[in-house]
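Keep in mind that the numbers below use all heavy atoms, side chains included, and drop hydrogens, waters and symmetry copies.
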Amino acid sequence: MNTKEEVIKIIKDLPNDLTLEDIIKELSVKEKIEKGLNQLNDGEYYSHDEVKEKFAKWLK
């Protein structure tokens, strides 16, 4: 399915009373979720321990 077809499917599944802003937010959320899933699949993430270490440094 290409991008245009995906957008049409998403919009069809939304309620009829949404504003253009609401639709843009829905599309943005979907894009961010897909980006995150792709990063996970590509091994681009921090372990729980790595995150704890980073926060410990920031919170000092």
### Pairs meeting criterion side-chain hydrogen bond (donor to acceptor under 3.5 Å, both in side chains) with involvement of residues 42-53, two or more places apart
Ser47-Glu50
### Message
Tell me every residue that passes side-chain contact (heavy atoms from CB on, under 4.5 Å) with Thr3, counting only those two or more places apart in sequence or in another chain.
### Response
Val7
### Message
Using the side-chain contact (heavy atoms from CB on, under 4.5 Å) criterion, which residues pair with Glu31? Sequence neighbours excluded.
### Response
Lys35
### Message
So, using side-chain hydrogen bond (donor to acceptor under 3.5 Å, both in side chains) as the criterion, who are the partners of Lys30 when residues are at least two apart?
### Response
Glu34
Cut-off 3.5 Å, no hydrogens considered: what does the side-chain donor-acceptor table look like for residues 8-29, sequence neighbours left out?
| unit_1 | atom_1 | unit_2 | atom_2 | d |
| --- | --- | --- | --- | --- |
| Lys9 | NZ | Asp13 | OD2 | 3.2 |
| Thr19 | OG1 | Glu21 | N | 3.4 |
| Thr19 | OG1 | Asp22 | N | 3.1 |
| Thr19 | OG1 | Asp22 | OD2 | 3.2 |
| Asp22 | OD2 | Thr19 | N | 3.1 |

